[in-house]
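Reviewing the structure listed below.
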Number of protein chains: 2
Amino acid sequence: MATPRPCSIADALAVIGEKYSLLVLREVFWGVRRFNDIARNVGAPRDVLTARLNHLVAAGVLEKTPYSRRPLRYEYRPTEAGRELRGVLLTLMAWGDRHLSERPPVVFEHSCGADLEPAVVCRCCGGEIAPESLTARFEVEGWGAAGAG
Amino acid sequence: MATPRPCSIADALAVIGEKYSLLVLREVFWGVRRFNDIARNVGAPRDVLTARLNHLVAAGVLEKTPYSRRPLRYEYRPTEAGRELRGVLLTLMAWGDRHLSERPPVVFEHSCGADLEPAVVCRCCGGEIAPESLTARFEVEGWGAAGAG
DNA sequence: TACCGTTAGTTGGATTTCCAAACCAACCTC
DNA sequence: GAGGTTGGTTTGGAAATCCAACTAACGGTA
């Protein structure tokens with residue numbers, strides 16, 4: 001078995017796992033949509049940013065639409081698939097807040113009045129997802145594993 | 001303003017954003033804890049895996065404990081902080097399943113009986129987190145932005 | 001028309017990272 | 001004691017990244 005494990009996490013990371021990709025998405029969520037602004041806020045070299053934007057557009061995470069012709073200039077917006085990555089960013093941000101920062105650089109207040117603390121739950125029953133509450137079903141031969149803990 | 005945006009997502013990615021880091025964590029969650037096994041399942045070069053494991057241990061995401069002395073051999077397990085990244089992986093996996101794969105390589109069955117579809121909700125009220133339901137509060141000067149969409 | 005500034009890249013060259021294969025020490029099995 | 005296993009480290013070359021400077025296409029102004 002020399003091939004790596006078939007896995008949607010790996011597939012997802014092939015799309016948004018390169019350096020700066022998620023930070024680009026973060027900026028786009030913040031409403032920052034132009035090349036120079038994204039470059040500055042993300043801190044990415046311009047050539048790398050060009051590559052990332054193209055990759056994300058090709059993967060259907062962002063779409064570029066002209067905001068000016070003459071000169072032709074594009075802005076970048078999230079697609080529906082891109083918008084669905086918001087949960088990943090929120091979860092990641094919460095983890096960073098919790099484990100890596102003295103006090104969070106940004107706090108979101110939810111409409112319910114509380115400072116947002118995101119939780120990942122089962123959409124069906126709304127319950128938290130404990131490791132023991134999951135049973136894995138493998139759709140590919142030979143990749144069962146010890147636990148899911 | 002030449003500095004990039006202060007942000008917990010960026011901080012988090014500095015810890016788990018390098019190539020293979022999240023896949024290593026995935027393996028560890030699957031119960032795969034030894035160097036050779038992780039290397040094979042992740043598909044990472046051995047020297048890179050060495051670097052990643054050391055980094056993750058130094059960051060407090062993994063801990064290495066000896067499973068044999070003579071010869072001294074370590075295995076890698078998630079710390080509490082590491083375990084709290086499960087939500088990130090589940091959310092990422094769901095996104096990959098949804099947008100990148102014909103049929104998911106792995107399906108989790110939740111204890112409620114349904115095939116797991118993770119949702120990111122507000123821990124306080126349990127409600128879904130629509131973009132409009134959030135108000136950003138900036139704890140750092142000069143980093144307000146257009147929207148949170 | 002000449003000159004300046006803005007925007008969105010592109011280019012060239014140094015640096016860093018990545019990778020595959022080989023190597024190694026310390027065991028264990030036969 | 002020959003061969004295999006485990007958990008790495010070393011090596012040399014390929015690829016990606018970084019950074020500064022450059023370009024192209026405009027728009028403003030004077």
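This is a predicted model, so every value here is computed, not measured. For the numbers below, each heavy atom of this structure counts, side chains included, while hydrogens, waters and symmetry mates do not. Numbers restart at 1 for each chain; the letters A, B, ... are given by sequence-line order, proteins then strands.
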(request) Taking side chain to side chain contact (heavy atoms under 4.5 Å, CB included) as the test, write out the residues that go with V120(A), two or more places apart. (result)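 With sequence neighbours excluded, V120(A) shows a side chain to side chain contact (heavy atoms under 4.5 Å, CB included) to T91(A), I129(A), T91(B), P118(B), V120(B), given in chain and number order.
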(request) Check if the side chain of D47(A) and the base of dC19(D) share a donor-acceptor pair of N or O atoms closer than 3.5 Å. (result)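 Yes, the side chain and the base share a sub-3.5 Å donor-acceptor pair.
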(message) Can you tell me whether the side chain of R34(B) and the base of dG7(D) have a donor-acceptor pair closer than 3.5 Å?
(response)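 Checked by distance alone, the answer is no.
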(message) So if I take residues 58-77 of chain B and measure heavy-atom distances to DNA chain C, which residues fall below 4.0 Å?
(response)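 Those residues whose heavy atoms fall under 4.0 Å from DNA chain C, taken from residues 58-77 of chain B in numerical order, are R70(B), P71(B).
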(message) Is there a side-chain contact between Y20(B) and the phosphate of dC19(C), meaning an N or O under 4.0 Å from OP1 or OP2?
(response)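 So the side-chain polar atoms of Y20(B) do come within 4.0 Å of the phosphate oxygens OP1 or OP2 of dC19(C), strictly under.
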(request) Taking only the side-chain nitrogens and oxygens of R46(A), find out if one of them lies under 4.0 Å from OP1 or OP2 of dG12(C). (result)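 R46(A) to dG12(C) OP1/OP2: no side-chain N or O under 4.0 Å.
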Round to a whole Å and report the spacing from [atom1] of [X] to [atom2] of [N].
X      : N       : atom1 : atom2 : answer
E18(B) : dT17(D) : CD    : P     : 13 Å
D37(A) : dG9(C)  : CG    : C1'   : 14 Å
K19(A) : dT15(C) : NZ    : C1'   : 12 Å
H55(A) : dA16(D) : NE2   : P     : 12 Å
R33(A) : dA8(C)  : CZ    : P     : 14 Å
L49(B) : dT10(D) : CG    : P     : 16 Å
L53(A) : dT7(C)  : CG    : C1'   : 14 Å

(request) Could you tell me whether R34(B) and E27(B) have a side-chain N and a carboxylate O separated by less than 4.0 Å? (result)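 Salt bridge absent between R34(B) and E27(B).
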(message) Looking at Y76(A), I'd like to know if the NZ or CZ of K64(A) sits under 6.0 Å from its six-membered ring centre while staying within 45 degrees of the ring's axis.
(response)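 Geometry flag: not set, cation outside 6.0 Å or 45°.
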(request) Could you check which of dG9(C), dG7(D), dG12(C) has an atom nearest any side-chain atom of F35(A)? (result)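 In terms of side-chain proximity for F35(A), the closest of dG9(C), dG7(D), dG12(C) is dG9(C).
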(message) So if I apply the side-chain contact (heavy atoms from CB on, under 4.5 Å) rule between V24(A) and each of V32(A), N41(A), L62(A), I16(A), which one comes out positive?
(response)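 Testing each of V32(A), N41(A), L62(A), I16(A) against V24(A), the sole residue satisfying side-chain contact (heavy atoms from CB on, under 4.5 Å) is L62(A).
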